[in-house]
Each structure stands twice: as C-alpha cells, then as structure tokens.
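Accompanying notes for the structure given below.
Values in this document were obtained by computation on a predicted structure and should not be read as measured data. Naming: A, B, ... by sequence-line order, numbering from 1 per chain.
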Protein chains: 2
Amino acid sequence: MNFSPESLQAFAEAAAQGSFSAAARRLGKSQSTVSEAIANLEIDLGVALFDRSSRQPVLTEAGRALLGRVDEVLAAHDRLGRAAGLLAGGMEPRLTVVVSDTYQSVQYEATLTELDQRYPELEFECLVAEHGDVLALVRQGRAQLGLMAAQPAYPPDIGAATVAERAQIGLYAASHHPLAALATPGDDDLAAYRALRLNTYLDDAAPSGAGRCWSAPSYLLLMEMAVFGFGWAELPRWLVERFAAERLVELAVPGWPKSLPVDVVWSRAHRLGPAGSWLQQRLLAR
Amino acid sequence: MNFSPESLQAFAEAAAQGSFSAAARRLGKSQSTVSEAIANLEIDLGVALFDRSSRQPVLTEAGRALLGRVDEVLAAHDRLGRAAGLLAGGMEPRLTVVVSDTYQSVQYEATLTELDQRYPELEFECLVAEHGDVLALVRQGRAQLGLMAAQPAYPPDIGAATVAERAQIGLYAASHHPLAALATPGDDDLAAYRALRLNTYLDDAAPSGAGRCWSAPSYLLLMEMAVFGFGWAELPRWLVERFAAERLVELAVPGWPKSLPVDVVWSRAHRLGPAGSWLQQRLLAR
DNA sequence: AAGTTCATATCGGTTTTTCCGATGGTATCT
DNA sequence: AGATACCATCGGAAAAACCGATATGAACTT
C-alpha cells in the first residue's frame with residue numbers, strides 16, 4: 001500500500017478544519033481534489049475516515065485513530081524537508097571535533113548546548129586523540145575542528161587561534177594520601193610517592209621515579225586511581241571539581257596549578273560549514 | 001516540497017543494496033524507474049544523494065544524513081499501513097474499560113501487559129466510575145467492558161460474568177495506631193476509633209460513629225490517610241501489599257478480610273471487537 | 001590493450017494519477 | 001420554502017509514473 005503525501009495532507013487538513021472545502025482553500029487546491037484525495041485514501045486504507053451523514057464531515061473512530069499516525073508521517077516528512085533545505089543551503093551534514101585527551105572538555109557543555117539549539121538537525125561527533133593525531137585528523141578532513149595544547153608553530157595548511165580560556169591543570173591526591181597532609185609539598189615530596197600519568201602525554205620528559213609511576217589512557221581513569229589513593233596526578237581542574245571535589249585535594253606545590261593555553265585548529269584546505277564556523281567563533285569569543 | 005513514497009522507497013532500497021538495479025529488482029520495478037525516481041528526489045531535495053563516479057553509486061555525506069530521515073518517514077508510513085490493516089480487519093480503534101473505584105485493579109497489570117503485546121496498535125483507555133455509572137457507561141457504549149462488584153441481577157441489555165479471582169478487602173491501620181496493638185479487635189474496638197471511608201461507597205449503611213469518619217474519593221488517598229494514622233480503613237489487599245506493606249498492619253477483626261466476587265459486564269447492543277473479546281475472555285479465564 | 005560485463009543515464013511512448021471546473025444532491029439556516 | 005454552504009461525481013486536461021530500448025561508462029578479464 002502506498003499513500004501519497006497529498007492525500008495524507010488533505011486528510012489531516014480536513015480533519016483539522018472539519019471541512020473539505022476549507023481544507024481545499026488552505027491547501028490551495030480545488031474542493032473536488034480534496035474530496036477525491038480523501039475518498040481514494042479511504043479506499044487505500046480500507047476504512048471510512050469521515051462520517052458524511054451530516055453537513056460537515058466528522059471523523060469516525062477509525063479516522064480519529066489513524067489521524068495520529070498520519071500526523072506522524074507528515075511530521076517526519078516535514079523534518080526530512082527541513083533537513084534537506086539546510087543541507088541544500090550549504091549546511092554541513094555533520095560536524096566532527098577532535099579534542100586532545102589532555103583537554104577533553106565537558107567544560108564546553110554550555111557551548112555544545114547552544115550548538116544543539118542553533119543547529120538541531122546537525123549530527124555532531126566528538127573524537128578524542130593524542131596531540132599529533134589531532135592535527136592529522138583535521139588535516140585529512142576527518143574532523144573539521146581540533147582542540148589541543150597551543151603549539152609554538154603549525155604546518156602552513158593548518159589554521160590556528162588561541163582560545164581565551166586557558167586549561168587549568170592542578171596536582172591532586174586523595175584526601176587520605178600522605179601528600180594531602182603537607183601544607184606546601186615540594187618536588188622532592190612528589191618524587192617520594194607514586195606518580196599517576198597520562199600515558200599519551202609523551203611531550204614531557206619522564207620525571208624521576210618514572211619506574212614506579214602508574215599510567216592510564218584517560219584522565220577519568222587517572223582520577224579514579226587518584227581517588228583510590230594510588231598516588232598523585234596532574235588533572236584538569238574542572239574534572240576534579242565536577243566529579244571528585246570532596247575526595248581529592250589539590251596539592252599546593254610551587255608553580256602549580258599550571259594554566260596552559262589551548263588552540264582551536266582547522267584545515268585551510270577544507271572550508272568550514274556554517275555550524276563549524278559558528279562553533280569556531282564561539283570557542284574563540286570567550 | 002513533496003516527496004513521493006515511491007521515490008523515498010527507491011532511495012532507501014538503493015542505499016541498502018548499494019545498487020539501483022538491485023533495488024529495482026527487489027521493488028519489482030524497472031531500473032529506469034528507480035534511476036529516475038532517485039534523480040527526481042535529488043532535484044526535490046536540492047542535494048546529491050549518491051556519488052556516481054564509480055561503478056556502484058555510493059552515498060554522499062548529505063545522502064547518509066538524509067537516509068535516516070527518509071527511514072523515519074517510511075517507518076511512520078508502514079505503521080500507518082499496519083494500523084489501517086488492523087482496523088480494516090475489524091479491529092476496534094480503541095478499547096475502553098471502566099472500573100469501579102472499589103475494584104480499580106492494578107492487579108490486572110499482567111493481563112494489560114499481555115494486551116499491549118498482543119494488540120500494540122490499540123488505544124487503551126481506563127475509566128474509573130462509581131458502581132451505577134459503570135453500567136451507564138457500558139450501556140451507552142462509552143466503555144466496552146466494565147469491572148464492578150457482582151450484583152444479584154442486571155438489566156436485560158447487559159451481559160455479565162463473574163471473574164474467577166475475587167477481590168480481597170481487608171481492614172488496615174497504621175503500625176503505630178492503637179488498633180494495631182490488639183490481637184483480635186472487635187466491632188466495638190473499631191467503633192472507638194475514626195473510620196476512613198470511600199465516599200463513593202454508598203451502598204453500605206453508614207456505621208455507628210459516622211459523624212467522626214473521614215472520607216476520600218479514592219483508595220489511594222484513603223490509604224495515605226491510614227498511613228498517617230488518622231484511622232482505620234477498608235482497603236484492597238493488593239494495594240496495601242504493593243505500596244504500604246510495611247507501614248500498615250491488617251486488623252484480624254472476625255469476618256475479615258472479606259472476599260467479594262467481581263463481575264465483568266458488557267453491553268449486548270454493542271458488539272465487542274477482537275481486543276475487547278480477548279480481554280473479556282482473558283479476565284474470565286483466571 | 002582490447003573485449004566483456006554489469007552498472008547507470010537518457011529517451012520516446014504508454015499508462016496511471018492528479019487536478020480542475022462544472023454539475024447535481026443534500027443538510028442546515030433564515 | 002428558499003438561500004446557502006457543503007460534498008460527490010463526471011469529463012477532460014495536465015502531470016507523473018512507469019516501461020523498454022539504447023547509449024555510455026567503470027571495473028574486470030583475457
């Protein structure tokens with residue numbers, strides 16, 4: 001069975017208006033067209049939709065039940081049309097952002113909420129990759145935008161700009177860890193205990209005591225290990241404040257917390273779509 | 001914009017098969033029809049859906065994004081067709097059951113779950129009404145089935161049958177209520193404390209102490225009042241067991257708990273549909 | 001490198017559907 | 001009873017869906 005959108009629209013409009021003629025006027029078609037469309041739809045469905053015994057047609061019980069289904073079809077139909085219109089207008093079908101694990105940012109939640117409101121049809125994808133891979137994914141077009149620790153220089157085909165907000169990285173240990181008892185622990189105190197390190201964080205020279213350090217591939221796992229008291233760790237401040245504020249304490253080591261600049265990067269070869277451009281500007285605007 | 005179901009189906013099938021010809025074979029149409037349908041759809045949508053540079057057409061990014069929307073339209077379309085088929089086959093569009101407040105029955109939960117599985121397209125409506133109104137609603141066709149306390153006789157146009165399972169009504173008071181401390185309270189003990197009564201329960205003669213009794217229009221409110229210790233109440237056993245088992249105690253008054261027969265009633269003038277007949281039989285079969 | 005195969009695009013022509021204006025019948029209101 | 005507004009039906013015009021045949025191109029074989 002195959003129901004034409006014209007018939008469905010005629011039915012829905014007639015049900016809404018309570019009149020075939022009024023529906024025809026609103027749809028810009030002739031009355032006979034609407035009448036025949038509904039009659040054909042009734043044949044196709046095998047059910048009478050309207051009771052025509054009185055002057056104005058009134059929905060039958062079956063018609064009332066099927067009207068809901070018809071509305072669903074038309075709503076899905078409209079969504080398709082809207083999505084196609086956006087795509088035809090140059091909107092990218094999806095936006096991929098790759099975030100360096102060091103700066104994976106639930107802190108951008110508000111921005112993403114705004115993105116969702118502004119571009120509801122957009123498919124959004126978030127990748128996490130290690131520093132070098134961020135550039136590779138952006139360069140090959142797999143991702144449109146990247147967020148990573150600011151670099152002194154970038155390849156010529158990569159555009160970059162520094163985000164106003166810097167990433168805050170602190171040193172943390174569990175509340176019951178010996179380090180938590182010290183007022184101002186120094187580097188030698190840190191060296192006395194096990195370090196918990198991100199094992200994708202390759203830029204840094206291995207510190208003393210590296211033989212005893214534990215590592216994990218994400219800050220979340222690292223934080224879990226710190227909460228259990230396995231050692232101390234460098235962690236993004238927002239992550240601790242949101243998920244482990246009462247179980248970890250920040251260590252007041254001189255020179256900490258660090259505040260690292262973050263860059264947004266993009267490929268000059270691939271033009272950003274409207275949503276990508278908006279997100280780029282939005283990230284820089286803060 | 002108006003997208004014909006033929007085009008959408010051709011697009012979805014072609015995307016699934018990765019081939020226009022294969023889609024045409026599966027749809028029972030000629031290859032040129034599918035090709036033209038998709039070409040027209042691309043014109044209507046304003047975007048290219050397939051990349052035709054290679055032998056087999058491959059979805060563009062936009063096509064991949066829109067395919068999801070198209071599938072939603074087709075799914076809604078299918079649901080409409082299925083619902084219409086059921087209605088055309090004699091299925092009632094909705095089933096209304098009216099339950100006497102005395103026996104409102106979440107206890108029939110399993111039966112309703114089964115009804116939902118068996119008739120997923122059915123619109124189910126549950127009304128609650130006072131004894132006499134149950135018969136009125138069934139008689140006028142507003143409800144197809146009724147559940148109420150068994151009556152000695154019914155009007156001739158009303159069919160009735162007794163449900164195998166009887167309604168269990170017990171006497172309850174809060175755990176901290178003085179009555180809860182008595183091993184076997186008698187009627188005189190009950191009379192010494194406030195009674196909580198259903199105020200639609202008009203058949204019973206007002207007992208002694210009626211001036212002090214509190215009432216509520218539903219067993220749920222009544223049970224709340226009992227939990228707060230305001231007095232003792234007649235309550236359906238299943239209701240207490242499910243929602244207040246640890247806060248109320250049953251009073252071992254001689255003659256209680258009562259076990260009342262429940263009748264299913266229906267109108268002889270209105271034929272029951274398949275779902276109604278099934279539910280009727282299912283209620284009686286236990 | 002040429003030939004084979006299998007895919008899609010395109011083109012006429014036929015069939016089907018959609019749409020309109022006109023007409024007639026019927027319920028509702030004055 | 002008449003006026004009015006509504007719906008069903010009819011015949012013809014316009015649009016579309018559909019098919020078979022054919023051209024063209026990509027991948028694969030020899």
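Between A:P93 and B:A65, the closest heavy-atom pair is CB-CB, 3.8 Å. In this structure, B:L66 and A:A84 approach most closely via the heavy-atom pair CD2-N, 3.8 Å. The two residues B:R142 and B:E125 have their closest heavy-atom pair at NH2-OE2, 2.8 Å.
A salt bridge links B:E42 to B:R52: one of the charged nitrogens lies within less than 4.0 Å of a carboxylate oxygen. Salt bridge status for A:E6 with A:K29: absent, with no side-chain N to carboxylate O gap under 4.0 Å.
Of all the residues in residues 50-57 of chain B, B:S53, B:S54, B:R55 reach under 4.0 Å from DNA chain D with at least one non-hydrogen atom. Within residues 22-32 of chain A, the residues approaching DNA chain D are A:Q31, A:S32, by heavy-atom distance under 4.0 Å.
The shortest distance between the side-chain N/O atoms of A:S4 and the OP1/OP2 oxygens of C:dT17 is not below 4.0 Å. Close to D:dA17, at under 4.0 Å from its OP1 or OP2, lies no side-chain N or O of B:T33.
When heavy atoms are screened at a 4.0 angstrom cut-off, A:E6 is found touching the sugar-phosphate backbone but no base atom.
A:V134 pairs in a side chain to side chain contact (heavy atoms under 4.5 Å, CB included) with only one of the listed residues (A:V265, A:V128, A:D263), which is A:V265.
In this structure, A:L8 places its CG atom 15 Å from C1' of C:dT18, rounding to the nearest Å. B:I43 places its CD1 atom 12 Å from the P atom of C:dA9, with the value rounded to the nearest Å. Between the CG atom of B:D44 and the C1' atom of D:dA15 there is a distance of 13 Å, rounded to whole Å. Straight-line distance from the CD1 atom of A:I38 to the P atom of D:dT9: 13 Å, rounded to whole Å. Rounded to an integer number of Å, the gap from CD of B:E36 to P of D:dC19 is 10 Å. The interatomic distance linking A:L49 (CG) with D:dC7 (P) rounds to 14 Å, in whole Å. The interatomic distance linking A:L41 (CG) with D:dC7 (C1') rounds to 17 Å, in whole Å. The CD atom of A:Q9 sits 15 Å away from the C1' atom of C:dC19 (whole-angstrom rounding).
Rounding to the nearest 0.5 angstrom, the gap separating the CG atom in A:D157 from the NE2 atom in A:H270 is 9.5 Å. Atoms OG1 and CH2, on A:T111 and A:W278 in that order, are 6.5 Å from each other to the nearest 0.5 Å.
The listed nucleotides are C:dG12, D:dC7, C:dA7; the one nearest the side chain of B:S21 is C:dA7.
Applying the ring pair (Phe, Tyr, Trp, His ring centres under 6.0 Å) test to A:F50 and every residue at least two apart in sequence or in another chain returns A:F11, A:F20.
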